[in-house]
Amino acid sequence: MKLAASLVLVLGCQSEKAGQAAKAEPAAPVEITAASCRPFLTKARSVLQEMGSAAGMSYTQTIEEQAIKDCEADLAAGRPSELMKCVLAANTTDGVRACFPTYDQVKQRGAAPK
């Protein structure tokens with residue numbers, strides 16, 4: 001469950017690296033719609049699996065399906081993600097990886113006082 005919470009945090013937060021990745025890897029602007037959620041998570045899957053592994057957990061199909069639903073709900077509520085734009089615009093696996101904060105950064109955000 002910690003992984004799911006971390007993933008929601010990652011998906012809901014703009015990565016500090018997202019702007020850097022977009023500059024490093026120019027691509028055509030990406031139109032974000034609810035139909036973009038599944039391709040976004042498919043493209044991000046390997047990085048999310050790495051993050052899950054670093055957390056000692058597995059990124060499962062159930063987690064991915066819930067993330068798709070959460071993504072669609074966020075878009076319906078008018079909350080597009082810079083992370084999503086970055087991942088969809090990336091042309092390489094390294095480009096996708098650069099969109100995400102590291103596991104340690106996510107962990108630190110989760111531990112920050114509210």
Side-chain angles (χ1 to χ4, degrees):
M1 203 49 145
K2 289 180 187 177
L3 177 62
S6 295
L7 293 175
V8 169
L9 175 67
V10 169
L11 295 174
C13 296
Q14 176 180 347
S15 167
E16 294 171 13
K17 293 182 179 181
Q20 295 170 359
K23 290 177 189 171
E25 197 171 311
V30 177
E31 183 180 347
I32 303 297
T33 67
S36 305
C37 292
R38 189 169 298 277
F40 158 65
L41 283 154
T42 298
K43 197 168 186 181
R45 185 180 296 135
S46 65
V47 174
L48 294 171
Q49 287 170 334
E50 289 172 13
M51 291 175 73
S53 180
M57 306 184 91
S58 296
Y59 178 77
T60 65
Q61 187 63 34
T62 302
I63 290 171
E64 186 166 308
E65 290 303 320
Q66 184 59 52
I68 290 168
K69 289 177 187 175
D70 293 344
C71 172
E72 291 168 344
D74 283 347
L75 289 173
R79 295 185 308 256
S81 162
E82 291 301 315
L83 173 67
M84 187 176 184
K85 292 175 187 176
C86 181
V87 168
L88 290 172
N91 295 318
T92 64
T93 300
D94 285 340
V96 171
R97 190 174 287 111
C99 295
F100 283 87
T102 65
Y103 172 70
D104 288 337
Q105 290 169 327
V106 172
K107 193 170 144 183
Q108 288 172 352
R109 285 182 189 170
K114 294 182 179 182

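Going from atom SG of Cys37 over to atom CD of Glu64 covers 11.5 Å, rounded to the nearest 0.5 Å. Atoms CG and SG, from Leu83 and Cys86 in turn, are 7.0 Å apart once rounded to the nearest 0.5 Å. Atom SG of Cys99 and atom NZ of Lys85 lie 12.5 Å apart (nearest 0.5 Å). In this structure, CZ in Arg45 is found 6.0 Å from CD in Gln61, a value given to the nearest 0.5 Å.
Thr33 approaches Met84 most closely through the heavy-atom pair O-CE, 4.2 Å. Residues Thr93 and Ser46 share a closest heavy-atom pair of CG2-OG, 4.2 Å. When all heavy atoms of Ala90 and Gly95 are compared, the pair lying nearest together is CB-C, 3.6 Å. Of all the heavy atoms in Leu88 and Pro39, the pair that sits closest is CD2-C, 4.1 Å.
Contact annotation: the side chain of Pro80 approaches that of Leu75 to within less than 4.5 Å [non-hydrogen atoms, C-beta and beyond].
Residues in residues 34-44 take part in these salt bridge (charged side-chain N to carboxylate O under 4.0 Å, His left out) pairs, two or more places apart or across chains: Arg38-Glu65.
In summary, Lys69 and Glu72 do not engage in a salt bridge, as defined by a charged side-chain N under 4.0 Å from a carboxylate O.
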**Request:** Verify side-chain contact (heavy atoms from CB on, under 4.5 Å) between Ile32 and Phe40, making sure each step is shown before the conclusion.
**Result:** CA-CA 10 Å; Ile32 303 297; Phe40 158 65; over 6 Å; no
**Message:** If you apply the rule side-chain contact (heavy atoms from CB on, under 4.5 Å), what do you find for Tyr59 with Met51, and how did you get there?
**Reply:** CA-CA 8 Å; Tyr59 178 77; Met51 291 175 73; over 6 Å; no
**Message:** Under the criterion side-chain contact (heavy atoms from CB on, under 4.5 Å), I'd like the reasoning laid out for Leu41 against Leu48: C-alpha separation, chi angles, the key distance, then a yes or no.
**Reply:** CA-CA 9 Å; Leu41 283 154; Leu48 294 171; 3.7 Å; yes
